[in-house]
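Quick one: this structure, given as structure tokens, is what I'll be asking you about.
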Protein chains: 2
Amino acid sequence: MVNSVLARVGDKWSVLVVTILADGPRRFNELKRQIGGVSQRMLTLTLRGLERDGLVTRTVTPSIPPRVDYELTDLGRSLQRHAIALAGWAIENQSVIEGARKAFDERHAASS
Amino acid sequence: MVNSVLARVGDKWSVLVVTILADGPRRFNELKRQIGGVSQRMLTLTLRGLERDGLVTRTVTPSIPPRVDYELTDLGRSLQRHAIALAGWAIENQSVIEGARKAFDERHAASS
DNA sequence: CAGAATCCTACGAGATACTG
DNA sequence: CAGTATCTCGTAGGATTCTG
């Protein structure tokens, strides 16, 4: 359970969707355009997963053409805050981590 | 970059390793035993990744038999705090999420 | 427009065997 | 003990096609 939540935060598409929805509701193709590089399939699956977990709501307006809006729930927003905190940590320590990676890679290039 | 950090937190083995190392240094096979269900390969890869990012240190004692200790760095501990915060969130909202999932699944079982 | 269904492929990850 | 190397298989995920 805890694990599946952590997996959500580690999932690229979920994070991007939640980030965009933080600015307000979006329609399916708006999301698709703003994310760019996501397949219809993955976007659908991601949205289903988020909806299933109660992180976003899916509102269908039965018109022609049909219209579907996705929006963050309160739960979704509270998770987003934590994701942002983590992203903040990543940004703060970005140079440290990059330095560590570089040093590691050089150490291992030398041993080859 | 931010994404790769989020992926770390979403990675099952990385989280488990970091959690165990929070209690103090461990040797390779100690980790393997305590985690249980991880293959040598995945544990090795996970540790390499964590080491590369500067989250754990790898200390080799050249004896026979060889001895290798893994330990969290300060950076690793600071990340672990965030992971714990997130896990706390997951635990707090566990029932909400499970309820959402159950409702969602029932809603979709009905439509079949 | 929003999505379901299908096909196809690359990669993640387990099992096993070998080594310093 | 602490790995590396290889083989194999399942599945995540992209491209494409079809529909209410």
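Each chain gets a letter, A, B and so on, in the order the sequences are listed, and its residues count up from 1. As a basis for the values below, the full set of heavy atoms in this structure was taken, side chains included, without hydrogen atoms, waters or symmetry mates.
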Margin query: Checking contacts here: which listed nucleotide (C:dG3, D:dA2, D:dG14) is nearest the side-chain heavy atoms of A:Val68?
Written below: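 Per side-chain heavy atoms of A:Val68, the pick is C:dG3.
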Next item on the list: May I ask you to evaluate whether A:Tyr70 reaches the phosphate of C:dG3, defined as a side-chain N or O under 4.0 Å from OP1 or OP2?
Entry: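 For C:dG3, OP1 or OP2 has a side-chain N or O of A:Tyr70 closer than 4.0 Å.
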Item checked: Nucleotide C:dG14, atom P - distance to CE of B:Met42 in whole Å ->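 Whole-Å distance recorded here is 6 Å.
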Item checked: Whole-Å gap separating P (C:dC1) and CZ (A:Arg67) ->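 Going from A:Arg67 (CZ) to C:dC1 (P), I get 12 Å.
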Notebook entry, point to check: Nearest-Å distance, CG (A:Leu31) to P (C:dA2)?
Noted result: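 After rounding, the gap between these two atoms is 9 Å.
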Check: How close or far is atom P of C:dA13 from atom CZ of B:Arg48, stated in whole angstroms?
Finding: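 Rounded to whole Å, this separation is 17 Å.
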Item checked: Stepwise side-chain hydrogen bond (donor to acceptor under 3.5 Å, both in side chains) test for B:Tyr70 and B:Arg58 -> CA-CA 5 Å; B:Tyr70 292 93; B:Arg58 177 171 181 273; 3.2 Å; yes
Margin query: Between B:Glu51 (side chain only) and B:Arg48 (backbone N and O only), is there a donor and an acceptor less than 3.5 Å apart?
Written below: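 Judged by distance alone, no pair lies under 3.5 Å.
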Checklist line | Nearest-neighbour nucleotide for the B:Gln40 side chain, C:dG14, C:dA17, D:dC1 considered | finding: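 Minimum distance to the B:Gln40 side chain belongs to C:dA17.
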Checklist line | Atom-pair distance (CD1 on A:Ile35; P on D:dG14), nearest Å | finding: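 So the two atoms are 11 Å apart, to the nearest Å.
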Next item on the list: Show your reasoning for whether side-chain contact (heavy atoms from CB on, under 4.5 Å) applies to A:Leu43 and A:Phe28.
Entry: CA-CA 8 Å; A:Leu43 183 54; A:Phe28 187 86; 3.9 Å; yes
Notebook entry, point to check: Taking atom C1' of C:dT6 as reference, at what distance in whole Å does atom CG of A:Leu45 sit?
Noted result: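 Answer to the nearest Å: 14 Å.
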Margin query: Check this one for me: any side-chain N or O of B:Arg41 less than 4.0 Å away from OP1 or OP2 of D:dT4?
Written below: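 Answer no for this pair, as no side-chain N or O of B:Arg41 is under 4.0 Å from OP1 or OP2.
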Next item on the list: Report the C-alpha distance between B:Arg8 and B:Val18 in whole Å, list the side-chain angles of each, state the deciding distance to 0.1 Å, and finish with yes or no for side-chain contact (heavy atoms from CB on, under 4.5 Å).
Entry: CA-CA 10 Å; B:Arg8 270 262 104 67; B:Val18 167; over 6 Å; no
Next item on the list: Can you figure out which of D:dG14, D:dT4, C:dA4 approaches the side chain of A:Thr44 most closely?
Entry: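 Nucleotide nearest to A:Thr44's side chain: C:dA4.
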Note to self: Expressed as a whole number of angstroms, how long is the span from A:Lys12:NZ to D:dA12:P?
What the structure shows: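 It is 16 Å, rounded to the nearest whole Å.
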Notebook entry, point to check: Does A:Arg58 have a side-chain nitrogen or oxygen under 4.0 Å from the phosphate oxygens OP1 or OP2 of C:dA2?
Noted result: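 Indeed not, no polar side-chain atom of A:Arg58 lies that close.
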Checklist line | For atom CD1 of B:Ile64 and atom P of C:dG20, their distance in whole Å | finding: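 Atom-to-atom, B:Ile64 to C:dG20, this comes out as 13 Å.
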Item checked: Name of the residue among A:Leu72, A:Asp11, A:Ile35 meeting side-chain contact (heavy atoms from CB on, under 4.5 Å) with A:Val17 ->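 Testing each of A:Leu72, A:Asp11, A:Ile35 against A:Val17, the sole residue satisfying side-chain contact (heavy atoms from CB on, under 4.5 Å) is A:Ile35.
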Checklist line | Whichever of A:Arg27 and B:Asp11 has its nearest DNA chain C nucleotide further upstream toward 5' | finding: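 Nearest-nucleotide comparison on DNA chain C picks A:Arg27.
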